[in-house]
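Here is the structure we will look at, set down as structure tokens.
Each residue takes its place number in the sequence, starting with 1. For the numbers below, each heavy atom of this structure counts, side chains included, while hydrogens, waters and symmetry mates do not. We count ligands from 1, going down the list as the structure has it; atoms in each ligand are counted the same way.
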Amino acid sequence: MFDVSTVKLGIAPIGWTNDDLPELGGEITFEQCISEMALAGFSGSEVGNKYPREIPVLKKALHLRNLEIASAWFSAYLTTKPYKETEKAYIAHRDFLHEMGAKVIVVSEQGRSIQGNMSTPLFAEKPIFTDEECLKLAEGLNRLGELAKEKDMKLVYHHHMGTGVQTTEEIDRLMDITDSNLVFLLYDTGHLYFSGEDPLAILEKHFSRIKHVHLKDVRLEIARQVKQEHLSFLTGVKKGVFTVPGDGAIDFEPIFQLLAKLGYKGWMIVEAEQDPALANPFEYALKARNFIKETAGI
Ligand SMILES: O=C1C[C@@H](O)[C@H](O)[C@@H](O)C1=O
Ligand SMILES: [Co+2]
């Protein structure tokens with residue numbers, strides 16, 4: 001179904017050690033994490049906070065395990081801070097990723113984001129960007145996209161729970177007001193489903209912009225609890241709202257079929273943040289790998 005010469009499968013370190021909640025998996029080493037990724041049959045990963053930043057050290061550790069770096073998350077503050085501040089940090093991030101051989105840069109606007117707040121109710125208090133904020137965001141992203149292009153890379157925007165770009169309308173608007181040659185989209189199944197969007201419809205509508213995929217599944221009963229009990233994003237994560245594909249409520253078969261039919265090229269990254277003390281990361285990595293083999297044929 002997929003063209004295996006153009007689609008690569010990776011897994012994010014967030015199931016081993018969570019950058020947003022460092023106490024989850026704090027005791028797990030970088031070496032354990034990347035060894036288990038390779039052993040479970042993945043060929044790449046994104047960069048986590050335990051990864052060494054010295055390029056030769058990181059390259060050697062990955063090379064030993066036949067792993068590549070697909071990308072890494074970047075927090076932008078285009079709506080709340082002077083553009084130059086975001087740009088400076090972004091260029092350092094871009095250059096690091098470029099050295100590591102990555103082709104895409106994951107960017108998410110964190111101005112007024114509540115994703116990192118432990119007690120802010122996720123559904124009631126997510127930010128809604130004003131027209132002025134949308135304009136600032138679009139202008140800034142176009143400029144950052146141009147900087148990615150300079151290095152033959154692409155900026156992929158990560159829509160995210162608890163931020164100003166979460167819902168279908170917000171994603172549609174962002175795609176509409178940014179330059180389609182400079183700003184691309186990261187398609188994260190888990191965030192779309194958790195928010196109550198239709199992941200298949202988003203995939204169909206924005207396929208030409210989608211250049212990076214995060215595969216995560218959602219435990220529906222916990223997603224409902226987060227909404228009904230006015231819990232925060234991180235409380236939901238701690239309770240296990242996310243899991244690996246095939247272990248939750250999302251029907252991945254039509255998603256894989258559509259991605260393959262439309263000729264998706266690039267990385268698909270399993271990204272399932274949950275408490276490693278409750279969900280053994282190696283066991284869940286294997287579970288994900290087997291599910292993708294059975295369902296997507298890769
Ligand atoms: O891509 C991601 C990176 C994480 O830090 C984030 O919170 C997670 O939910 C995600 O989708
Ligand atoms: Co993601």
Taking atom 10 (C) of ligand 1 as the point of reference, which of Gln115, Glu271, Met161 owns the nearest heavy atom?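 That would be Glu271.
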Test your reading of the model: is there a side-chain donor-acceptor pair from Thr17 to the backbone of Gly26, 3.5 Å cut-off?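 A pair under 3.5 Å: no.
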Side-chain (Arg94) to main-chain (Ile105) donor-acceptor, under 3.5 angstrom: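 It does not hold such a pair.
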Looking only at heavy atoms, which two atoms of [X] and [Y] are closest? And how far apart?
X: Ala12; Y: Glu271; value: CB-CG, 3.8 Å
X: Pro13; Y: Ser45; value: CD-OG, 4.4 Å
X: Val237; Y: Glu273; value: CG1-CG, 3.6 Å

Distance filter under 4.0 Å to [X] heavy atoms, resulting ligand 1 atoms:
X: His214; result: 1 (O)
X: Asp188; result: 11 (O)
X: His191; result: 8 (C), 9 (O), 10 (C), 11 (O)

Can you pull out the closest protein heavy atom to [atom]? Residue, atom name and distance to 0.1 Å, please.
atom: atom 7 (O) of ligand 1; answer: Asp20 OD2, 2.6 Å
atom: atom 8 (C) of ligand 1; answer: Glu273 OE2, 3.0 Å
atom: atom 6 (C) of ligand 1; answer: His160 NE2, 3.1 Å

Full working for side chain to side chain donor-acceptor pair (under 3.5 Å) between Glu46 and Trp73: CA-CA 8 Å; Glu46 292 188 357; Trp73 171 277; over 6 Å; no
Does ligand 1 have a heavy atom under 4.0 Å from the side chain of [X], from its backbone, from both, or from neither?
X: Ile14; answer: side chain
X: Leu186; answer: neither
X: Phe233; answer: side chain

Does His158 bring an N, O or S atom to under 2.8 Å of the Co ion (ligand 2)?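 For His158, the answer is yes, given that an N, O or S atom comes within less than 2.8 Å of the Co ion (ligand 2).
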Quick check: does His214 have an N/O/S atom under 2.8 Å of the Co ion (ligand 2)?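 A backbone or side-chain N, O or S atom of His214 is under 2.8 Å from the Co ion (ligand 2).
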Would you please say whether a donor-acceptor pair under 3.5 Å links the side chains of Thr79 and Glu109?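 Thr79 vs Glu109: donor-acceptor pair found between side chains.
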Side chains of Arg65 and Ser35 only: does a donor on one sit below 3.5 Å from an acceptor on the other?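 On atom types as modelled, these side chains qualify, holding a pair under 3.5 Å.
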Are Phe233 and His191 an aromatic pair by the rule of ring centers under 6.0 Å?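 Aromatic pair counts; centres sit under 6.0 Å.
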For the rings on Phe96 and Tyr51, is their centre-to-centre separation under 6.0 Å?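 No - the distance between ring centres of Phe96 and Tyr51 does not fall below the 6.0 Å cut-off.
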Could you establish whether Asp19 and ligand 1 come within less than 4.0 Å of each other, counting only heavy atoms on the residue side?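 The answer is no, since Asp19 has no heavy atom less than 4.0 Å from ligand 1.
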Are any of the heavy atoms in Glu46 under 4.0 Å away from ligand 1?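 Glu46 does not count as a contact of ligand 1 under the 4.0 Å cut-off.
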Angular separation of OE1 (Glu271) and OD2 (Asp188) seen from the Co ion (ligand 2), to 10°: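 Result: 90°, to 10°.
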Give yes if a backbone or side-chain nitrogen or oxygen of Trp73 is under 3.5 Å from a nitrogen or oxygen of ligand 1, and no if not.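 In fact, backbone or side chain, Trp73 has no N or O that close.
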